[in-house]
There are 4 protein chains.
Amino acid sequence: MAKKVDKEQRQAELLESAVAVFAERGYQATTMDEIAERAGVSKGMLYIYFKNKEALFGAVFRWFGQQIGELMVDAIGDIEDEVEQIRRITTLWAEVAIQQREFVPLFLDFWAAASLRGMRNDYAEDLATMYDEYRTLIIGIIERGQAKGTFRAETDARAIAYLLVGGMDGIFIQSWLAQPEHLDQLMQNAIEMLLQGITT
Amino acid sequence: MAKKVDKEQRQAELLESAVAVFAERGYQATTMDEIAERAGVSKGMLYIYFKNKEALFGAVFRWFGQQIGELMVDAIGDIEDEVEQIRRITTLWAEVAIQQREFVPLFLDFWAAASLRGMRNDYAEDLATMYDEYRTLIIGIIERGQAKGTFRAETDARAIAYLLVGGMDGIFIQSWLAQPEHLDQLMQNAIEMLLQGITT
Amino acid sequence: MAKKVDKEQRQAELLESAVAVFAERGYQATTMDEIAERAGVSKGMLYIYFKNKEALFGAVFRWFGQQIGELMVDAIGDIEDEVEQIRRITTLWAEVAIQQREFVPLFLDFWAAASLRGMRNDYAEDLATMYDEYRTLIIGIIERGQAKGTFRAETDARAIAYLLVGGMDGIFIQSWLAQPEHLDQLMQNAIEMLLQGITT
Amino acid sequence: MAKKVDKEQRQAELLESAVAVFAERGYQATTMDEIAERAGVSKGMLYIYFKNKEALFGAVFRWFGQQIGELMVDAIGDIEDEVEQIRRITTLWAEVAIQQREFVPLFLDFWAAASLRGMRNDYAEDLATMYDEYRTLIIGIIERGQAKGTFRAETDARAIAYLLVGGMDGIFIQSWLAQPEHLDQLMQNAIEMLLQGITT
DNA sequence: GATGAATGAGAGTTCATTCAT
DNA sequence: TATGAATGAACTCTCATTCAT
């Protein structure tokens with residue numbers, strides 16, 4: 001009886017349009033008109049599904065984090081060896097950095113948004129949580145590797161997790177700016193040297 | 001002839017105010033009124049010293065890059081040992097990340113700005129140049145270390161430079177979000193493990 | 001769907017208000033606020049219907065040109081005799097100059113606008129086209145008159161058109177400045193003498 | 001003892017610079033900075049010689065009117081025949097319109113300025129006076145011609161003056177817009193036909 | 001006298017958000 | 001339910017004018 005398009009699907013469509021426009025223009029330069037137009041709905045519609053522009057951005061933001069988290073978990077799902085798992089995650093990151101190049105500005109916007117606006121928003125918290133999950137994933141790998149004897153016992157798993165997650169983010173940015181020819185090789189080499197430092 | 005203060009000093013004052021407000025509010029949320037008020041001058045004054053808001057932001061940006069570059073060069077100036085030089089740079093970064101915590105949002109804004117607005121701006125280029133200099137500095141250290149036999153000959157100096165510079169940026173962000181208790185220790189540990197992988 | 005009034009009517013209303021304010025104050029001194037207030041709408045509304053102030057002025061300008069063109073064509077519509085047609089056009093001009101006195105400044109602004117701003121605007125072109133049409137109308141009358149033998153064969157129709165159109169414009173301005181008591185009589189006399197020069 | 005440059009000469013220099021810039025940019029777009037720079041003096045200097053921007057424009061305006069008036073008087077100075085005098089004035093106008101093409105926008109600005117700002121300014125009055133002088137000059141010619149029998153007794157000298165002055169102004173504008181190839185010929189033809197109508 | 005740094009009121013323009021239909 | 005016309009606060013930027021030096 002009600003409209004055919006169910007709410008969830010509609011929301012997903014709006015989100016998709018928002019992602020595209022935010023990535024193209026950046027948060028500030030993006031107008032609600034543009035998102036509505038891209039989604040093929042009225043502007044008023046956006047305000048039914050999302051409280052305001054910032055909430056829409058927040059939704060995009062969380063959706064993205066989820067996607068990446070899933071990718072990471074998938075990437076290591078069927079691999080036993082911990083060293084290989086670290087390698088896979090790195091490779092995944094390089095792939096994303098290369099293939100999804102157009103979303104880098106979006107990430108930078110996420111970070112910028114998270115760093116501001118004081119206590120009002122919860123971006124910072126969301127982002128922190130998101131990264132915490134990534135680090136926890138890596139810490140788990142390292143610790144399992146240590147239990148097996150693959151990684152040195154004295155390795156500071158938390159430090160490695162920070163360096164890896166941070167490093168990959170940094171390389172993300174750097175690659176966007178510098179566009180090195182063999183980014184994937186570069187990242188792989190970097191990780192190998194780090195692995196050399198922590199494997200037995 | 002001039003009225004009160006000399007032009008260079010006045011420009012520096014305005015820059016200082018701009019840095020403070022941009023760091024507090026972010027580029028977009030910052031108004032020229034606010035900067036002028038903070039500097040204790042009229043709004044029109046800003047437009048005498050800087051063509052427009054973006055140019056002012058650009059000036060802040062370049063000033064920052066210069067500061068950090070100088071800090072890095074100073075930090076390793078009187079040190080002979082290459083391993084120690086790497087450690088010093090890392091320590092410096094940690095110090096900056098901790099002590100200048102309020103400027104992290106500014107950097108995120110720099111990146112966000114650099115990633116957008118197409119070909120119009122030259123932030124991206126400036127930023128790329130800046131990071132290239134940092135990397136060149138590190139590559140120089142590694143290569144000198146390799147010549148001395150401190151670092152393994154097969155070490156990919158460029159990859160290390162990317163990981164270090166990117167990694168430090170990443171840790172910068174991560175530390176801002178997560179506020180780990182012993183960030184400096186964490187970074188030091190991470191670097192030690194990496195050094196273990198590349199020293200002979 | 002639409003809120004209250006239909007778009008075309010709304011546009012016409014805004015145009016009307018704009019005409020009034022532009023005529024009163026001149027292009028530069030007119031503010032968008034003032035136009036909006038006169039129209040009883042918000043300032044933002046103006047920007048929905050017209051891209052910017054200049055575009056609004058351009059619309060006013062074209063609307064005016066159209067009105068006058070129509071008046072001229074109407075004025076000679078049901079008249080056979082060419083001499084009489086010339087007289088009618090002159091009379092019309094005098095009527096407009098007298099009755100629509102408040103719009104003279106607007107015309108002067110059109111001209112001033114057309115003469116400036118380099119290639120960016122197309123006022124000059126629009127204005128040239130508009131006047132070309134008026135001249136073509138007059139040339140047509142003269143030539144038909146020549147074919148009939150009413151006007152001398154050696155009459156330079158184009159020169160007459162220039163003198164008439166230019167002359168009327170000039171008289172327009174002059175009358176605004178000097179406010180002669182019997183402008184219509186004056187113009188009629190002038191035209192009669194010119195007609196004496198070109199009729200057989 | 002005092003400065004070498006005497007006040008009058010200085011004022012004339014400033015005026016000259018102002019004329020050039022106003023003609024290039026139009027009244028509104030012209031900045032006091034630009035005039036000062038062109039004159040090679042400080043901005044403050046301008047305000048010593050002219051009360052404000054409008055006063056400067058007014059001075060330019062009156063200076064121009066004077067120049068043209070002198071040109072007209074000179075043009076007919078040594079000519080006896082009234083018909084020829086009319087022809088000379090027309091020729092002069094054509095010459096000015098062609099050779100001083102860059103000043104047309106300035107005139108349009110004069111007119112626009114004169115037509116606005118209510119009672120505040122005296123442009124309108126100045127302009128009216130100026131044109132009145134031109135017309136008086138022409139009326140004088142016509143009347144002398146009538147006295148001699150060159151022009152028909154029933155000719156309305158005032159109407160002719162209006163048509164001529166207005167017509168020439170109009171042609172001025174038209175020529176600026178349309179840039180006809182043989183403007184001088186065109187104007188001459190027009191005047192000849194008019195003369196045919198009024199000569200015996 | 002002469003300067004030009006400094007002012008600040010005021011303009012055009014944008015766009016997130018609302019709400020009558 | 002869905003729309004998109006309408007709002008208006010807020011922003012950037014300009015420039016005539018002043019006045020301390």
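By convention in this document, chain letters (A, B, ...) are assigned in the order of the sequence lines, proteins followed by strands, and residues within each chain are numbered from 1.
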- Query: Can you check the B:Gln9 CD to E:dA6 P distance for me, whole Å?
  - Reply: 11 Å
- Can you name the side-chain hydrogen bond (donor to acceptor under 3.5 Å, both in side chains) partners of D:Lys43, sequence neighbours left out? D:Asp33
- Taking atom C1' of F:dA5 as reference, at what distance in whole Å does atom CG of C:Leu46 sit? 14 Å
- Task: Could you check whether the rings of B:Phe110 and B:Phe61 sit parallel, tilted or perpendicular, using 30° and 60° as the cut-offs?
- Result: perpendicular
- Once Watson-Crick and G-U wobble pairs under 3.5 Å are found, how is DNA chain E written in dot-bracket notation, 5' to 3', with | for any base paired to another strand? .||||||||||||||||||||
- In whole angstrom, what separates A:Leu14's CG from F:dA2's P? 11 Å
Under 3.5 Å, which N/O atoms of the protein pair with N/O atoms of nucleotides 13-17 of chain E?
unit_1: E:dT13; atom_1: OP2; unit_2: C:Tyr47; atom_2: OH; d: 2.8
unit_1: E:dT13; atom_1: OP2; unit_2: C:Lys53; atom_2: N; d: 2.9
unit_1: E:dT13; atom_1: O4; unit_2: C:Lys43; atom_2: NZ; d: 2.6
unit_1: E:dA16; atom_1: OP1; unit_2: A:Thr30; atom_2: O; d: 3.2
unit_1: E:dA16; atom_1: OP1; unit_2: A:Lys53; atom_2: NZ; d: 3.2
unit_1: E:dA16; atom_1: OP2; unit_2: A:Met32; atom_2: N; d: 2.8
unit_1: E:dT17; atom_1: OP2; unit_2: A:Tyr47; atom_2: OH; d: 3.2
unit_1: E:dT17; atom_1: OP2; unit_2: A:Lys53; atom_2: N; d: 2.9
unit_1: E:dT17; atom_1: O4; unit_2: A:Lys43; atom_2: NZ; d: 2.7

- Message: According to side-chain hydrogen bond (donor to acceptor under 3.5 Å, both in side chains), who are the partners of C:Arg101, at least two apart in sequence or on a separate chain?
- Response: none
- Whole-Å distance between E:dA5 C1' and D:Glu37 CD? 16 Å
- Task: Report yes or no: is the cationic atom of D:Lys53 (NZ for Lys, CZ for Arg) closer than 6.0 Å to the six-membered ring centre of D:Phe22, at no more than 45° off its axis?
- Result: no
- Atom-pair distance (CZ on D:Phe57; C1' on F:dA16), nearest Å: 16 Å
- Whole-Å distance, D:Arg25 CZ to F:dT14 P, equals 14 Å
- How long is the span from the CD1 atom in D:Ile35 to the CZ atom in D:Arg25, to the nearest 0.5 Å? 11.0 Å
- Using a cut-off of 6.0 Å, state whether more than 12 heavy atoms not belonging to C:Glu37 lie near its atom CD. no
- Task: Find the distance D:Glu34:CD to F:dC15:P and express it as a whole number of Å.
- Result: 9 Å
- Query: Taking the side chain of A:Ser42 as heavy atoms from C-beta outward, which of F:dA2, E:dA6, F:dT7 is closest to it?
  - Reply: F:dA2
- Message: For D:Glu24, give me all partners under side-chain contact (heavy atoms from CB on, under 4.5 Å), at least two apart in sequence or on another chain.
- Response: D:Arg38
- Item | B:Phe64: partners by ring-ring contact (aromatic ring centres under 6.0 Å, His included), with sequence neighbours left out | B:Phe103, B:Phe107
- Task: Could you state the atom-to-atom distance from NZ of D:Lys7 to P of E:dG1 in whole Å?
- Result: 6 Å
- Query: Which heavy atom in D:Ala112 sits nearest to a heavy atom in C:Asp109, and how many Å separate them?
  - Reply: CB-OD1, 3.7 Å
